[in-house]
Number of protein chains: 2
Amino acid sequence: MKRAAPAPGKASRDPGHDPCGHRHPEESSSVRYEEALRTLTQSPLRVTRSRKAILTLFSGKHGPFSADEVHGMLADTACDLVTVYRSLASLEKIGLLRRCDFGDNTHRFELNTGEHHHHHVVCRVCHRAETLDHCAADSLEKMAASMGYSQITHIMEVFGVCARCRENASDHERH
Amino acid sequence: MKRAAPAPGKASRDPGHDPCGHRHPEESSSVRYEEALRTLTQSPLRVTRSRKAILTLFSGKHGPFSADEVHGMLADTACDLVTVYRSLASLEKIGLLRRCDFGDNTHRFELNTGEHHHHHVVCRVCHRAETLDHCAADSLEKMAASMGYSQITHIMEVFGVCARCRENASDHERH
DNA sequence: ATCTTTGCAAATACTTTGCAGGCTA
DNA sequence: TAGCCTGCAAAGTATTTGCAAAGAT
């Protein structure tokens with residue numbers, strides 16, 4: 001999102017808007033938070049201010065967000081970037097967050113609500129992500145299970161060039 | 001593969017062995033290479049010594065391999081690590097290599113033979129990878145296409161704990 | 001009281017970039 | 001020859017680690 005990327009992600013992102021266009025009804029935001037908090041409480045991890053802040057953020061915005069983006073969206077006094085990294089890692093470990101990979105060497109996370117397992121299409125040009133409301137990995141997970149694996153998870157991302165960027169590109173050629 | 005990883009990866013890898021256990025018949029190695037070379041020749045890219053060396057490597061070993069691993073396996077005089085990075089990127093761009101993502105912020109690549117599109121299960125503990133001879137992303141790619149995306153690709157990796165590592169872990173607990 | 005978590009600073013690891021010279025088409 | 005490629009050195013950027021102080025149960 002910063003190296004060879006033509007369109008920087010963070011800068012181009014409206015923080016008040018879900019990056020992947022996923023609809024997040026206002027009324028369920030707190031429900032999601034309560035549920036997440038319950039999971040955290042029941043885990044061996046401690047319920048700290050930073051973790052609560054991070055869970056609140058993820059309950060309200062769909063993501064996926066990188067550590068840096070999370071840190072930027074939290075109140076200035078919330079916590080250190082290092083703590084964000086550590087929190088994301090530990091919250092992923094207890095299954096509260098799910099990691100996404102947009103191929104730019106940056107870990108991104110979103111709330112791992114059981115209700116709604118999905119993936120994204122990421123535009124290779126503008127790096128915007130949209131939700132794909134479906135997951136097709138069941139068969140692969142079963143295959144892995146039959147090979148003796150346990151605690152199975154997966155990541156899956158689809159990449160392409162979105163209509164808007166394709167049009168922009170052909171505009172440029174017309175010059 | 002080096003950061004929070006309990007088992008180092010590169011060091012633990014036998015370079016003479018395909019990391020994901022994929023069978024690579026001796027006789028087709030050169031066939032794969034010839035085919036790749038043809039693609040490279042027909043591309044706008046130039047046929048250079050480094051690129052040939054890298055394609056030879058990928059034709060003989062299944063991978064996936066990181067830039068660093070590739071560099072380590074090439075003859076000492078073959079080329080600079082920077083060149084490996086650049087070659088992997090350009091060979092991916094013309095579709096000769098395919099990127100895999102094992103979740104450790106390291107790009108890995110394998111030969112993108114049309115014959116055999118597949119994915120991997122990666123053990124979260126020992127980081128060994130095995131092939132899953134199947135791909136379930138067609139439906140998602142179609143969905144992305146219907147949303148206006150073009151030049152669609154995807155990545156997909158399954159993670160778990162392999163039987164061996166699970167046993168080792170329970171051995172430790174028994175202490 | 002104990003064990004976890006945090007902040008800060010510093011270190012790592014992977015990847016990219018600039019530039020001059022070498023090589024391919 | 002013209003333009004792509006490469007090597008080397010140096011920079012970035014994301015992420016991790018060490019350690020002492022602060023916090024959670």
>> For C:dC14 and B:Asn105 - does any side-chain N or O of the residue sit under 4.0 Å from the phosphate oxygens OP1/OP2?
In response: no

Note to self: Side chains of B:Glu110 and B:His62 only: does a donor on one sit below 3.5 Å from an acceptor on the other?
What the structure shows: yes

Whether each nucleotide of nucleotides 20-25 of chain D has a protein heavy atom under 4.0 Å at its base (B), only at its sugar-phosphate (S) or at neither (-) is summarised, 5' to 3', as ---BBS

Of the candidates D:dT6, C:dT15, C:dT6, the side chain of B:Ser87 sits closest to D:dT6

In whole angstroms, the gap separating C1' of C:dT4 from NZ of A:Lys93 amounts to 14 Å

To the nearest angstrom, the CZ-C1' distance between B:Arg99 and C:dC14 comes to 14 Å

Check: A:Asp104 main-chain N/O paired with A:Thr106 side-chain donor or acceptor under 3.5 Å: yes

When rounded to the nearest 0.5 Å, the distance separating CG of A:Leu40 from CZ of A:Arg46 is 12.0 Å

In whole angstroms, the gap separating P of C:dT17 from CG of B:Asp80 amounts to 16 Å

Kindly say if A:Tyr85 contacts the phosphate of D:dT15, meaning a side-chain N or O under 4.0 Å from OP1 or OP2. yes

Rounding to 0.5 Å, atoms CG (A:Leu111) and CG (A:Leu97) come to a distance of 6.5 Å

note: B:His71, atom NE2; D:dT6, atom C1'; distance rounded to Å ~ 12 Å

Quick note, B:Arg86 side chain, CB onward, closest among D:dG7, C:dT6, D:dT15 is D:dG7

Of the listed D:dC5, C:dC14, C:dT5, the closest approach to the B:Thr106 side chain comes from C:dC14

Of D:dT15, D:dT6, D:dT16, the nucleotide closest to the side chain of A:Val82 is D:dT16

Going by atom types only, do B:Asp101 and B:His107 share a side-chain donor-acceptor pair under 3.5 Å?
no

Atom NZ of B:Lys52 and atom P of D:dT6 are separated, to the nearest Å, by 12 Å

From CG of A:Leu81 across to P of C:dC8 the rounded distance in Å is 11 Å

OG (A:Ser43) and CZ (A:Arg51) are apart, to the nearest 0.5 Å, by 7.5 Å

| field | Test log, rule ring-ring contact (aromatic ring centres under 6.0 Å, His included), inputs B:His154 and A:His120 | value | CA-CA 10 Å; B:His154 69 269; A:His120 307 96; over 10 Å; no

To the nearest angstrom, the CG-C1' distance between A:Asp68 and D:dT16 comes to 15 Å

Whole-Å distance, B:Arg51 CZ to C:dA25 C1', equals 13 Å

Touch check for A:Ala78, heavy atoms < 4.0 angstrom, all strands: base, sugar-phosphate only, or nothing? sugar-phosphate

The helix from C:dA1-D:dT25 to C:dA25-D:dT1: angle between terminal helix axes, five bp per end, to the nearest 10 degrees, reads 50°

With sugar-phosphate meaning primed atoms plus P, OP1 and OP2, does A:Ser50 contact a base, only sugar-phosphate, or nothing at under 4.0 Å between heavy atoms? sugar-phosphate

- Report yes if the side chains of B:Tyr33 and B:Leu55 come closer than 4.5 Å at any heavy-atom pair, otherwise no. yes

Hydrophobic cluster membership, B:Leu91 vs B:Leu74, 4.5 Å side-chain cutoff = yes

Might you list the N or O atoms of the protein lying below 3.5 Å from N or O atoms in nucleotides 20-22 of chain C, with each pair's distance?
none

Fill in: B:Arg108 with B:Glu69: basic N within carboxylate O range, under 4.0 Å
yes

Discussion item. Using the rule given for side-chain hydrogen bond (donor to acceptor under 3.5 Å, both in side chains), can you reason through A:Glu130 versus B:Tyr149, listing the C-alpha separation, both sets of side-chain angles and the distance that settles it, and then say yes or no?
Written reply: CA-CA 11 Å; A:Glu130 289 187 80; B:Tyr149 287 79; 2.7 Å; yes

Derivation and outcome, side chain to side chain contact (heavy atoms under 4.5 Å, CB included), residues A:Val70 and A:Ile54: CA-CA 7 Å; A:Val70 168; A:Ile54 289 175; 4.3 Å; yes

